[in-house]
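Quick note on labels: first sequence line is chain A, next is B, and so on, each numbered from 1.
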Amino acid sequence: MQAWEIAKKDLLLQGRDMRALTVLIILPMIFITILGMTFGKLLGWQAENQILKIAFVDNIDYPSIQEDGEGQREGYFHLDADQKKRNARQLFVNMMNSLQKRDGIKVEEVESTEAAEAKIAKGDVAVAVLVGPEFFKRIDDYHDGIRVEDLMDQDRPDGKLKEGLSALDMSVTQRKGFEGTGSVVEQMVFADTLRIIVSYVACTDPQLHRRNAAKCKEWAVEYDKDAPRPTPDVPDPNKKAGDAKTSAVYNKIVPGLTVMFVFFLINIMARSFIAERDIGTLRRLRIAPLDATSLLLGKVLPFFLISIVQTTILFSAGKLIFDMTLGPEPWLLVPTVLCTSLAATSLGLLVSTIVKTDSQVSAYANIVVIGMAGLSGCLIPRDLMPPNMLLMGKPMPHSWAVIAFREILVEDNVIPDHHVVFQSCAILIGFSLIYFLIGVYNFAKSKQ
Amino acid sequence: MSLLEVQNLHKSFGPLKAVDGVSFHVEAGEIFGLLGPNGAGKSTTMSMIAGLLTPNSGEIRLDGKTFDPTDHGFRRLLGVVPQDLAIYPEMSARENLNFFARLYGLRGENLKKQIDLSLERTGLGSRADDSSGHFSGGMKRRLNFGIALLHSPKLLILDEPTVGVDPQSRAHLLDSVRKASDEGMAVIYASHYMEEVQALCKRVAIIDHGKMLACDTLTNLLSRLSTDLRLRIGQPQNNLMKRLAGIADLKTNDEGQPMLVIGQNAQQKDRDLNATIAKILGILGETGTPLYALETHEPNLERLFLQMTGNKLRD
């Protein structure tokens with residue numbers, strides 16, 4: 001009962017001290033925002049809205065496109081020059097629209113190669129797809145002498161598509177340092193282009209056209225001089241970091257930073273103990289009719305509760321503001337949050353019984369908090385850390401908290417491994433017991 | 001039976017003997033003074049009585065039973081006013097009182113009554129809901145005192161309770177201590193302000209280097225000192241001091257002026273003072289030494305304290 005009186009008093013004092021709120025809630029939110037944007041940038045997503053921006057340049061040589069000749073494309077619709085020009089443009093537009101539909105990508109048409117390069121240099125786009133003058137001619141050639149096997153097996157040694165995008169007079173250029181992203185975009189564009197070409201070829205076959213009339217509407221196979229020039233879909237101006245890829249960035253950084261800032265409680269707890277010692281109230285508490293364990297429980301309990309509230313706020317912010325997923329089994333967060341908070345407050349108690357002054361807290365407690373966080377994967381995702389560092393982080397509670405959180409906060413369609421989560425929780429409880437017992441021993445010893 | 005009996009208490013910290021065989025007792029309703037220079041062992045003694053330190057040997061009996069600090073019942077008998085301002089500055093006076101009262105198990109009407117009584121005793125009623133961090137030094141001291149009285153302890157330990165307070169707050173605190181004593185509380189009063197101890201305590205113990213140098217009633221202790229008769233004179237001449245040998249001593253006062261001192265302690269109390277003074281006046285006249293003033297120097301606790309503990313500076 002007396003423990004609860006001390007806990008209520010400390011909750012009141014912490015509530016009146018804005019430093020705790022700043023360190024435990026506001027600081028981690030700032031860190032999460034900054035690191036989220038930075039990690040996004042590293043992965044190639046634009047920082048301001050977490051979107052990969054791609055420029056498309058239509059360099060197709062439209063004047064050179066001619067009406068089908070006599071005997072050309074036998075068995076297919078006969079197309080005049082205007083129809084073919086429209087189809088060339090439609091192919092280009094469909095390639096853009098295909099990419100535009102993907103999550104996390106925004107595509108815009110740029111008037112020239114030079115303009116695209118300027119945009120890359122300015123950082124407005126990360127990648128540019130250049131569609132060359134002979135693009136349509138090469139498709140038309142394929143069509144003319146169509147070889148299904150080229151489409152079926154693009155890697156055939158004598159196949160016309162074995163050179164990839166360049167076989168279609170297309171190329172991809174990207175910002176320096178974004179070669180990996182450029183390569184991925186090239187593969188996506190090549191796959192989309194082949195699918196679009198197949199659709200176009202199929203729709204110019206009268207028999208297939210009849211069977212798929214609805215899907216073939218976009219291809220000009222009958223003369224319609226009033227048909228408007230195809231234009232790409234306008235990208236959604238509100239398209240933001242709400243897709244799976246960008247939220248994954250926050251899924252990686254929010255748990256780590258949350259764990260790190262949960263352990264910042266050590267600082268606040270130690271300062272609370274030092275303040276009690278300095279102003280003499282700790283002496284008064286020790287004279288009062290309560291045992292050492294009740295006193296320590298009373299000192300630890302409010303910080304345990306604060307820690308739970310802190311974690312709940314940070315994960316809620318991750319979900320609501322950064323669209324982080326809580327995984328398919330969010331209930332697993334409850335035991336993990338409780339065990340992490342328990343370990344943090346017990347370690348806080350241990351540190352509080354060791355440090356004697358505010359300057360010792362600033363020096364040693366911060367080394368403990370930041371050092372342990374760094375080695376445990378709170379700052380850098382664990383899958384980017386070298387094995388030796390991971391091994392060094394094993395004797396630290398942070399590691400097990402991060403392991404459990406990462407296991408829970410997986411993609412929605414992956415079931416977390418309960419064994420990993422509960423094993424981590426058990427280890428965190430073990431750490432808590434060890435820290436608490438040493439803390440109680442230190443406290444009792446200091447009395448003599 | 002005394003409320004508190006301390007017998008042959010010893011406490012060492014490594015090679016340092018902080019308390020070395022201290023014994024004393026305090027009766028209910030008595031204010032007992034505990035004096036000693038810094039590092040003499042007063043605080044260690046009081047910490048052992050308060051249950052904060054465990055003695056190496058010796059016994060503390062409280063209310064007729066051997067003191068066991070793990071027994072919460074004993075702790076409820078104790079009220080401690082520490083030298084530090086052991087209050088939470090972020091909390092109001094009422095919040096501080098409420099918190100500590102609850103730690104001592106006070107609840108409901110009794111809790112409210114005791115808080116109100118404490119506020120009244122300390123004169124903080126009108127500022128009860130103000131943050132104690134904004135209080136003056138005297139107000140903080142009074143709150144510090146009020147907290148110790150909340151649960152009506154049988155033994156009140158005060159460690160330098162008036163450090164840094166204004167005369168009004170000091171007078172108020174001393175009156176409060178007297179009232180507590182009148183209500184039957186036993187009080188141990190440790191202070192460096194000798195006049196406070198002299199004004200409050202009937203019995204006093206003086207400790208130095210962990211040992212009890214004296215423990216007696218104030219009257220008995222002061223009787224160890226002489227009441228000096230002092231004659232301020234001109235420069236001694238014509239073998240004055242030779243002629244006064246065995247009758248008076250020559251000393252100088254703070255201004256460096258020569259003074260003849262006639263000691264009058266317990267052993268000399270039967271001396272014929274009339275004859276002594278007449279003889280001295282005669283010799284002064286014969287040697288042509290002028291007499292400027294005649295004054296008495298009463299014994300007090302400060303003189304006794306310095307006489308017993310010496311003038312050497314303590315850390």
Judged by atom type as modelled, is there a donor-acceptor pair below 3.5 Å linking the side chain of A/Q2 to the main-chain atoms of B/L103?
yes
For B/E90, is there an ion pair with A/R19 - N to carboxylate O distance below 4.0 angstrom?
no
Does NZ belonging to B/K112 count more than 12 external heavy atoms closer than 6.0 Å?
no
Over all heavy atoms of both residues, which pair between B/M91 and A/L12 is shortest? Give the atoms and the distance, please.
CG-CD2, 3.9 Å
Name the region of A/L13, side chain, backbone, both or neither, that has any atom closer than 4.5 Å to a heavy atom of chain B.
side chain
Proximal to chain A - members of residues 141-149 of chain B, heavy-atom separation under 4.5 Å:
B/N144, B/I147, B/A148
Non-hydrogen atoms of chain A under 4.5 Å away: do they reach the side chain of B/F100, the backbone, both or neither?
side chain
Compare every heavy atom of B/Y104 with every heavy atom of A/P289, then report the nearest pair and how far apart it is.
CD-CE2, 3.3 Å
Hey, is CD on B/E120 packed in by over 12 heavy atoms from elsewhere, all under 6.0 Å?
no
Quick one: which residues of residues 268-284 of chain A reach chain B at under 4.5 angstrom, heavy atoms only?
A/E276, A/I279, A/G280, A/T281, A/R283, A/R284
Contacting moiety of B/E95, where chain A heavy atoms sit under 4.5 Å:
side chain
Heavy atoms of other groups near B/Y193 OH, more than 12 under 6.0 Å:
yes
Against chain B, work out which of A/R16, A/K9, A/K8 has the most heavy-atom pairs shorter than 4.5 Å and name it.
A/K9
Working to the nearest 0.5 angstrom, can you tell me the gap between A/D291 CG and B/T70 OG1?
9.5 Å
